[in-house]
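Beneath this line is the structure, given in structure tokens, with notes to follow.
Chain naming here is simple, since letters A, B, ... match the order of the sequence lines and numbering starts at 1 in each. All values derive from a computational prediction rather than experimental measurement.
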Number of protein chains: 2
Amino acid sequence: MVRTKVEIKRIEDKAKRHTTFTKRRQGLFKKTKELVKRCDAEAAVITFSLAGNIFAFGHPSVDNVVNRYIASTSALEHGEVVPVHEEAEMERDAVIGTMENEETLGLEVPLDDMGMDELEELDRTMKEMKKKVVDKIDGIISSSKT
Amino acid sequence: MVRTKVEIKRIEDKAKRHTTFTKRRQGLFKKTKELVKRCDAEAAVITFSLAGNIFAFGHPSVDNVVNRYIASTSALEHGEVVPVHEEAEMERDAVIGTMENEETLGLEVPLDDMGMDELEELDRTMKEMKKKVVDKIDGIISSSKT
DNA sequence: CGGGCTATTTTTAGCTT
DNA sequence: TAAGCTAAAAATAGCCC
């Protein structure tokens, strides 16, 4: 029973936290399915438990929605601007992991020598490039799955 | 009031569908925030309304979760296999859009000449490549956001 | 552990403005 | 068109097994 109004804060007990994660994740997926069905929308939910397990659901598929998201965040294909309404973070206690990929793909760029306009241009170019590469690779992957 | 039990099916009336989409999307985001807070998990929700508007929420950020998802679906970095528990699709009425990107990045591959082993190898190579490119580009993008 | 129960809180469909 | 209201439906915390 939810006798007492539950406070939305981190659950310290590991077992209890996992139980709640499982239950609420199922609830979240159910809600997502209902949204998709009732509103004829596309949606994806991706969750990582503290243990590192991945759970994802998406309609038409997680990859489809993710690719559409990536495409949209770099959408300047034909000058169309698709505004992304991104929800603000609730609190500032997040620990954002640092990117530590030391491998190089030969894409070094002299950022220091650039002005703001050039940086913005680079940002758009990179996002566009990312979209193209992701699209292309996904195309190759799906054609090899026949 | 929800006097009558609502059937989870497509809402035909456009205005009503949009209202429901808005309300349920807000509910979904709230649930996601609660899951993140209570279970110390990472999660992202991406939705596209029928009108084409994008709404996304993620902790630590949508991009962070999406990148982690992409990395995981191609994770063979050090031989670790991270299982993705992907929910099955509920129904077979989905219309999956065909990829029609005719632009080339010079990545043409002679698929027909390949055997199954080579196709699987290509699949892993492509996913790995996708991860590296996405990581690299995101690295460049975030360093230009300083 | 994972599944079932249920009291209570939370969500939300339909309404009103 | 969007923003409240409210009663009924749905989700779920704590417990049992």
Write down the atom of B:Val62, the atom of B:Phe57, and the distance for their closest heavy-atom approach.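 In this case the closest contact between B:Val62 and B:Phe57 is CG2-C, 3.5 Å.
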Closest non-hydrogen atom pair, B:Ser61 against B:Asn64: OG-N, 3.0 Å
5' to 3' contact window, DNA chain C with chain B (heavy-atom distance under 4.0 Å): C:dT11 to C:dG14
Under a 4.5 Å cut-off applied to non-hydrogen side-chain atoms, are [X] and [Y] in contact?
{"X": "B:Phe21", "Y": "A:Leu35", "answer": "yes"}
{"X": "A:His18", "Y": "A:Thr22", "answer": "yes"}
{"X": "A:Val45", "Y": "B:Thr32", "answer": "no"}
{"X": "A:Phe29", "Y": "A:Phe55", "answer": "yes"}

If an axis is fit to five pairs at each end of the helix from C:dG2-D:dC17 to C:dT17-D:dA2, what is the angle between the two, to the nearest 10°?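 End-to-end axis angle: 30°.
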Residues in side chain to side chain donor-acceptor pair (under 3.5 Å) with A:Arg68, at least two apart?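 Testing A:Arg68 for side chain to side chain donor-acceptor pair (under 3.5 Å), a comparison that skips the adjacent residues, returns A:Glu42.
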Listed by chain and number, what are the side chain to side chain donor-acceptor pair (under 3.5 Å) partners of A:Arg17, not counting sequence neighbours?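 A:Arg17: no side chain to side chain donor-acceptor pair (under 3.5 Å) contacts found.
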Donor on one side chain, acceptor on other, A:Asp63 and B:Tyr69, under 3.5 Å: yes
How would you list, by chain and number, every residue that makes a side-chain contact (heavy atoms from CB on, under 4.5 Å) with B:Thr20, sequence neighbours excluded?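 With sequence neighbours excluded, B:Thr20 shows a side-chain contact (heavy atoms from CB on, under 4.5 Å) to A:Arg38, A:Cys39, B:Ile11, B:Arg24, given in chain and number order.
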Counting primed atoms plus P, OP1 and OP2 as sugar-phosphate and everything else as base, spell out the protein contacts along nucleotides 9-17 of chain D at 4.0 Å heavy-atom distance: B, S or - for each nucleotide, 5' to 3'. SSSBBB---
